[in-house]
Structures are given as C-alpha cells and as structure tokens.
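Order of the sequence lines sets the chain letters (A, B, ...), proteins ahead of strands, with each chain counted from 1.
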2 protein chains.
Amino acid sequence: MALPIKISEETFTPRQQAVLTAALDLLVENGDGLTMTAVARRASCSKETLYKWFGDRDGLLTATVQWQAAKVRMPTVDRSHLSAKVLRESLQQFARDLLTTIIGEVSITLNRTAITHAAQEKDSLGNIVLENGPMAIRRRLKPILEAARDARLLRFPSSEDAYRCFFGLVVRDVQIRLLLGDKGLTQSNVEANIEADVVAATDQFLALYGAKANL
Amino acid sequence: MALPIKISEETFTPRQQAVLTAALDLLVENGDGLTMTAVARRASCSKETLYKWFGDRDGLLTATVQWQAAKVRMPTVDRSHLSAKVLRESLQQFARDLLTTIIGEVSITLNRTAITHAAQEKDSLGNIVLENGPMAIRRRLKPILEAARDARLLRFPSSEDAYRCFFGLVVRDVQIRLLLGDKGLTQSNVEANIEADVVAATDQFLALYGAKANL
DNA sequence: GCGGAACCGTACCGTACGGTACGCCTGCGG
DNA sequence: CCGCAGGCGTACCGTACGGTACGGTTCCGC
C-alpha cells in the first residue's frame, strides 16, 4: 500500500497514541530490539490488539515513525517583507532547528531504525524519515531562498543547489558521526556549540550566496 | 577487547579472506540479514570453522567490516611545494575520493551495518567505520590545510572547522539520503554529477577559506 | 439486566537462527 | 602405512520472537 505522508491528529486514537509512545520509548531505549511482547507489556495492552491495530511488526514500526516524524514542526517565516536582517535570522532559525533536531535522541533513533530497515530492501521508513526531515526542510527553505533571490538578497542559479549547500554547511559530519555512535561527539558536547555553529554556517552560506556585502 | 584499528595484510589467511569476502558479498546482497549458515554455505566452509576463527557472529561481522574498511586507501599529496593550483587539485581529489566512496554499494552497506549495530549499544563497528572513513580523511586533509595556511594560501582559525566545513560542502545530504534508501538519488544519478559537484564544493571551500582571490 | 464488542493477559505454536557436536574426508609428518 | 590435525557437511539443541488462540473482564447500547 502507498503510505500516506501526512498524518492528521485523528489518525490514531489517544489509546493508540499511548501505545505508539510506548513503542517509541522502547525504540529509544533498546535500539532496534523492539519486540511486540515488550511493547504490549509497556503499553499494558495485549499483543492481539497490537496486531489488530497495526497489522504486523512492520506496521507498528511504520506507525510509530510516521506518528513521531509528523510531530516535527517547522517554523513559518514571513517572506513578504524580507530584509537582509530577516533573511539572516530566518536562516539561523532553520539551522538551529535542523541541528537541534538531528542531535536529539529521538531523531537518532528514528534515523537508525529507518536505515536498518533500508538495509532490508524496505524503504518505507526511510521515505517517511526523509519526507519529514530533509525534504520538509527543503520545502520550507526553498521558497524563502527564492524570495530572497527575487529581493536581490541572494544570488544562485539553482535553489536546489543552494539548499543542499546550506544543509551541508549546517550538518557537516555531525549526523553521520552521531548515527555511528561516535563517543567523541556527545549530544551535550554538540549542544553547547549550537549557537556558534548556527552563526558560522549562516555566515558561510551568505558569504557564498549573498548578493553583495551581506556579511 | 580493544579492537586494533590497523589491519595488516597478514591478519587473515587467504582462506579467511575468502570467507570474509563471502560475508561481505552477502552483506551487500541481503542487507543485515547475514546468517552464519549463509556465510558457511557461500564460503563452502563449516559453521564450526567460522566460530573457531571468529568467535561468534559479532566477531565475524567485525572482522568483515575491519578488513574491508582497511582496504580504502587515501591518496598522498605532496605538500612540500604547494601552489594554489596544486592545492585546488588536491582538494578536488579528496572531494572526488570522498564522494565516490560514500556512494559505493560497499560503503553504504558498511555504514548501514555499523549504524544498525550502534543502535544496539555496540559501537565497535561504528568506530571502525568512522576511523577508516571520516577520520581517515581528516587525518590526511588537515596537514594539507595547515600547510596551505602556512603557505598563505588559506586562512582559518581552526583546521578542524575548516576540515568539517569541507566535509559538509562535499557530502551535503547525499550520504544520509543514500543510507535512508532515497529512490530519487541512485548511484548512477549521483555518479554523473560527481565532477561538477567536486568542482563546486572545492570552489566554495576556497571562496570561504582562500587567502585572497583563489577563485 | 443482557448481549456483544473491545480488549487484556497469557498460553501456545512455528520458525529462524546462533551456537555445538559429531562423523567423515584429506593431507601431512613420521 | 598410521595417526592425527584441520576442516567440511550436517544434524541437532535452545531460545527468542513473530504471530495466533482463547478465556476472562469491562463497558456500552438496548
């Protein structure tokens, strides 16, 4: 079946959401060793109910990822009056959101789960994570970039390339290192430098794509 | 036990290397669903031998990743006479190697395996991959960056930051999308653009860190 | 009050897979 | 020629886990 990308509030009943919360907690705690029995016990429900609601283990996993991923909300930027200052602050906000998201325990777990899943020729989880992560950022950022170009604040031939450059400047090697469990890169460690990194990445992006002296 | 980071040629006998090759092939083919029985059958050896040589499944996995990761070789750059031209070409070579590596089937598989492993509170595989991937690049690149700074070709306060910026400009969202199984980003698709991306990333890096008009 | 739907808890089944044991063959040193 | 070490193939064991079945309880509509 084609998975719905969007999840509305009413997709899951409160009880079901409690189950999904339990599943997510277990996922974060125990890695991908998520068993149906454990979820049932944690959520105080029967396995039969799990299978009735979610079909099978994959369905539960999918629902969990989908439900959690949909909770990530992007800030809306007013692009009607873009000034250099507003643009810079918007970019910084995007960078901050992106960084704080990817270093979060939940994001790491979800990405790991989806990648593990993708290793078994199943890309549904990967698509959900992509759609709610990088692609969501892209959808929100590109209009702003294009508005900024129209306002002569930025210069680029392709907004796609500009977006991907911004992504690279912000994320760098942080995400892959966290996913691989690099001990030299704890969340708190990265967290302390977020503000500096946000400013640095934004400055670099503006240096590359700013129309003039936007530094 | 502390895992040796370096693997010499003689660490494994040819027969053992054949077994590891079989394991790697299966890993690439079947994702993380690597079973001891499958490896034994593919390598035409008995399971008993596998356990004798590698201890347990984790040992086999570790040996496979370790052995394969060690095969990645970095180019050596002569940093005695660095000119702007040589620097640019060196950077481009690094970018090219990095990109061609991470889009390769084997790299994707190894990273996925290590990440899956990291989701179970085991970071040995992750460390091996990190050490032979990003960290290896860093070890080779940083001296060049610093030599270029000494030669007044580059300007930066921290070679660490410069390296990580370069990494971000080159990799961008390619690796995470491939790991997540993004269908809109096939290897061939990326491969076709490698040269353009290499040049673009290098130009951007030089624009940010070049001492003067190194564009 | 009554029937039934939903659901909990638990017991159960089948299978897949990690790990072990054993019988057999081959090659080699003495 | 003998014995034995190394290794192949296979059968086997135990367990963990996905998935199912079923009895008991609660709650809701009538």
**Q** For residues Leu98(B) and Val170(B), report the shortest heavy-atom separation together with the two atoms involved.
**A** CD2-CG1, 4.0 Å
**Q** In whole angstrom, give the distance that lies between atom CD of Glu48(B) and atom P of dG6(D).
**A** 12 Å
**Q** Under 4.0 Å between any heavy atoms, over every strand shown, what does Arg41(B) touch: base, sugar-phosphate, or nothing? Just pick one.
**A** nothing
**Q** Can you measure Asp58(A) atom CG to dG19(D) atom C1' for me and round it to whole angstrom units?
**A** 13 Å
**Q** Round to the nearest Å and state the distance from Lys47(B) atom NZ to dG23(C) atom P.
**A** 18 Å
**Q** In whole angstrom, give the distance that lies between atom CD of Gln120(B) and atom P of dG18(C).
**A** 13 Å
**Q** What's the closest nucleotide to the side chain of Ser46(B) if the choices are dC17(D), dC8(D), dG19(C)?
**A** dC8(D)
**Q** Could you tell me whether the phosphate oxygens of dA6(C), OP1 or OP2, come under 4.0 Å of any side-chain nitrogen or oxygen in Trp53(A)?
**A** no
**Q** Inspect the surroundings of NZ in Lys183(A) and state if more than 12 heavy atoms from other residues, nucleotides or ligands are less than 6.0 Å away.
**A** no
**Q** Report the distance from atom OH of Tyr51(B) to atom P of dC17(C), rounded to the nearest whole Å.
**A** 12 Å
**Q** Taking all heavy atoms of Thr116(A) and all of Asp32(A), pick out the closest pair and write down the distance.
**A** CG2-OD2, 3.3 Å
**Q** Write down the atom of Ser159(B), the atom of Glu146(B), and the distance for their closest heavy-atom approach.
**A** OG-OE2, 2.8 Å
**Q** Answer yes or no: does a side-chain N or O of Thr49(A) lie under 4.0 Å from OP1 or OP2 of dC7(C)?
**A** no
**Q** Mind calculating the distance between CG (Leu34(A)) and C1' (dG19(D)) to the nearest angstrom?
**A** 15 Å
**Q** For Leu60(A), which contact category applies under a 4.0 Å heavy-atom criterion: base, sugar-phosphate, or nothing?
**A** nothing
**Q** If you look at every strand shown and take non-hydrogen atoms under 4.0 Å, does Leu50(B) touch a base, only sugar-phosphate, or nothing?
**A** nothing
**Q** Measure from CD on Gln16(B) to P on dC8(D) and round the result to the nearest Å.
**A** 11 Å
**Q** In whole angstrom, give the distance that lies between atom CG of Leu61(A) and atom P of dG18(D).
**A** 10 Å
**Q** Does dA16(C) have its OP1 or OP2 closer than 4.0 Å to a side-chain nitrogen or oxygen of Arg57(B)?
**A** no
**Q** If you only use heavy atoms from C-beta on, which nucleotide in dC22(D), dG7(D), dC8(C) is closest to the side chain of Cys45(A)?
**A** dC8(C)
**Q** For the residue pair Asp58(B) / Thr62(B), report whether a side-chain donor-acceptor contact shorter than 3.5 Å exists.
**A** no
